[in-house]
Amino acid sequence: MIRFENVSKIYQVGDETVKALDDVSLSIEKGEFVSIIGPSGSGKSTLMNIIGCLDVADMGQYFLDGAPIENYSEKELAHIRNKKIGFIFQSFNLIGTMDAAENVELPMIYQRVPAKERKRRVEEALKMVGLYERRHHKPNQLSGGQQQRVAIARAMAGEPSILLADEPTGNLDSNTGKQIMALFRELHEQGHTIVLITHDPEVAAQADRSIAIHDGKIRKEVAA
C-alpha cells in the first residue's frame with residue numbers, strides 16, 4: 001500500500017542545507033497498524049507529509065497503492081488526500097461554530113457526497129466513536145477526548161484507505177489518551193490501515209510495528 005524507495009527531502013534554511021529525510025526506504029501493508037516515532041526534528045513530520053501527499057520527495061520514489069505519485073499534479077494530490085487518506089491531528093482542527101455532526105459532514109460536502117449518503121456516514125461514524133448522542137454539541141461543549149473522537153469520526157466518514165494520525169494523544173491527559181489508543185486498536189481490528197506519528201514510546205509501542213526515525217534516517221523497526 002505504502003512504499004518508499006530511497007526517498008530524500010531537502011530544505012534550504014538560510015545558507016544551510018538540511019536533509020529532513022535521507023535515503024528512506026520502508027513499506028506499510030494494507031491493514032497494518034504502524035507507528036513512526038522520533039524526537040522533534042527527526043524527520044517524522046516530513047515523512048508524514050509525504051505519506052499524506054501534503055509534500056513530495058526531492059529524490060527517490062513514493063508508491064501509494066502501487067502507483068508512483070512524485071510526478072502528480074497538485075490537483076491529483078488533492079484528489080488522493082480527499083479520497084484515500086483520513087487525517088487526524090493533535091489539535092483536533094474542529095470548527096467551533098459547527099456541531100459534531102456538521103464537523104464530520106463538512107469534508108464530504110467538498111467531496112460532493114450526496115446528502116442522503118452524508119447523513120448515513122455521519123450517523124455511522126459518530127456511533128462508531130460513541131458520540132452519536134452528542135452529535136448536536138459544539139466543540140466547546142465537548143471534552144478533549146470527545147473532540148478527538150469527533151476528529152476520528154470525521155476522518156472515518158470519508159471512507160479512506162489510510163488513517164494518518166499526527167500525535168493524536170498529544171493534547172490529552174494520559175487516561176483519555178489510553179481511551180483514544182483503544183479506539184485506534186478497535187479500528188485496526190476492523191481492518192483499517194493506520195499510520196500514527198508520535199514522540200511517545202508508550203504510544204508507539206501500542207502499534208503492531210514501530211519505525212524509529214532520527215536525523216532523517218530509519219534507525220530501527222520493532223514488531224509488537
Side-chain angles (χ1 to χ4, degrees), residues 1-4 26-38 44-45 47-54 62-66 80-93 100 103-104 107-108 120-132 144-213 218 220-224:
M1 173 171 275
I2 293 169
R3 181 158 56 92
F4 277 33
L26 61 84
S27 293
I28 298 172
E29 301 300 327
K30 183 177 180 180
E32 274 199 285
F33 183 5
V34 175
S35 62
I36 296 172
I37 183 170
K44 66 182 187 299
S45 294
L47 184 61
M48 180 202 74
N49 288 340
I50 294 176
I51 290 174
C53 297
L54 297 167
Y62 168 32
F63 295 87
L64 181 60
D65 292 334
I80 291 173
R81 291 193 296 268
N82 286 334
K83 297 293 184 181
K84 290 193 174 187
I85 301 168
F87 293 93
I88 301 161
F89 299 100
Q90 177 178 347
S91 56
F92 319 136
N93 287 8
N103 268 284
V104 174
M108 292 185 287
R120 181 192 69 79
R121 291 193 199 178
V122 168
E123 180 175 336
E124 187 177 275
L126 286 173
K127 285 181 177 178
M128 183 183 298
V129 300
L131 282 180
Y132 185 68
Q146 289 170 336
Q147 290 183 61
Q148 190 60 289
R149 286 174 181 269
V150 172
I152 292 170
R154 179 181 58 194
M156 291 298 305
E159 299 183 343
S161 304
I162 302 163
L163 284 177
L164 186 56
D166 182 18
E167 300 280 6
T169 63
N171 282 344
L172 305 174
D173 62 74
S174 58
N175 186 55
T176 305
K178 288 177 183 177
Q179 294 173 12
I180 293 300
M181 289 306 299
L183 177 57
F184 277 120
R185 287 195 298 274
E186 183 180 333
L187 293 171
H188 171 240
E189 288 167 4
Q190 294 171 6
H192 297 289
T193 305
I194 301 173
V195 181
L196 186 150
I197 313 298
T198 185
H199 68 280
D200 187 333
E202 290 186 12
V203 171
Q206 295 180 58
D208 288 347
R209 182 161 60 99
S210 184
I211 299 171
I213 185 169
I218 300 297
K220 63 179 179 179
E221 295 193 28
V222 179

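Source: prediction; values computed, not measured. The chain is numbered in sequence order, starting from 1.
- One finds the CG atom of Asp166 at 8.0 Å from the NZ atom of Lys44 (value rounded to the nearest 0.5 Å).
- For Arg149 (side chain) and Leu183 (main-chain N/O), no donor-acceptor pair under 3.5 Å exists by modelled atom type.
- Salt bridge present: Glu159 and Arg120 bring a charged side-chain N and a carboxylate O closer than 4.0 Å.
- The closest side-chain heavy-atom distance from Ile28 to Arg209 is below 4.5 Å.
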Derivation of the side chain to side chain contact (heavy atoms under 4.5 Å, CB included) call for Leu47 and Ile211
CA-CA 11 Å; Leu47 184 61; Ile211 299 171; 5.7 Å; no
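- Of the inter-residue distances, the one linking Asn103 atom CG with Phe92 atom CZ reads 12.5 Å to the nearest 0.5 angstrom.
- In this structure, CZ in Arg154 is found 11.0 Å from CE in Met108, a value given to the nearest 0.5 Å.
- The ring pair (Phe, Tyr, Trp, His ring centres under 6.0 Å) test applied to Phe33 returns His188, not counting sequence neighbours.
- In this structure the side chain of Met181 reaches within 4.5 angstrom of the side chain of Leu196, judged on heavy atoms.
- Contact between Pro160 and Gly86 at its shortest, heavy atoms only, is CB-N, 3.4 Å.
- Taking every heavy atom of both residues into account, Gly145 and Thr176 meet most closely at CA-CG2, 3.3 Å.
- Of the possible polar contacts, none joining the Gln146 side chain to the Leu131 backbone as a donor-acceptor pair under 3.5 Å is found.
- Note that the CD1 atom of Ile51 and the CD1 atom of Ile36 stand 4.0 Å from one another [nearest 0.5 Å].
- Closest non-hydrogen pair, Phe184 versus Ile194, comes out as O-CD1, 3.3 Å.
- Residues Ile2 and Leu64 form a side-chain contact, since some pair of their non-hydrogen atoms from C-beta on lies under 4.5 Å apart.
- Using a 4.5 Å heavy-atom threshold, the side chains of Ile85 and Ile80 count as touching.
- The main-chain N or O of Phe87 is never found under 3.5 Å from a side-chain atom of Arg81 such that the two would form a donor-acceptor pair.
- The structure places CD1 of Ile213 at 9.0 Å from CD1 of Ile197, a figure rounded to the nearest 0.5 Å.
- Between Ser161 and Thr193 the shortest side-chain heavy-atom distance does not fall below 4.5 Å.
- Put simply, the side chain of Asn171 gets close to the backbone of Gln90: a donor and an acceptor are under 3.5 Å apart.
- Here the side chains of Arg3 and Leu26 are not in contact, with every heavy-atom distance at 4.5 Å or above.
- With contacts defined as side-chain heavy-atom distances shorter than 4.5 Å, the pair Val129/Met156 does not qualify.
- Among residues two or more places apart in sequence or in another chain, the side chain to side chain donor-acceptor pair (under 3.5 Å) test is passed with Gln179 by none.
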Go through Ile88 and Gln148 one step at a time and tell me if the side chain to side chain contact (heavy atoms under 4.5 Å, CB included) criterion holds.
CA-CA 8 Å; Ile88 301 161; Gln148 190 60 289; 3.4 Å; yes
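- The pair Glu123-Lys127 counts as a salt bridge, with a side-chain nitrogen and a carboxylate oxygen less than 4.0 angstrom apart.
- Taking every heavy atom of both residues into account, Val150 and Val104 meet most closely at O-CG2, 3.9 Å.
- Side-chain contact between Met128 and Gln190 is present, with heavy atoms from C-beta onward closer than 4.5 Å.
- In terms of modelled atom types and a separation under 3.5 Å, the side chain of Glu167 and the main chain of His199 share a donor-acceptor contact.
- Summarising the geometry of Ala207 relative to Ser35, their closest heavy-atom pair is CB-N, 3.6 Å, with the distance given to 0.1 Å.
- Using a distance-only test at 3.5 Å, with no hydrogens or angles considered, no donor-acceptor pair links the side chain of Thr169 to the main chain of Gly177.
- Heavy atoms from other residues, nucleotides or ligands lying under 6.0 Å from NZ of Lys84 number more than 12.
- The CZ atom of Arg185 lies 8.0 Å from the CD atom of Glu189; values are rounded to the nearest 0.5 Å.
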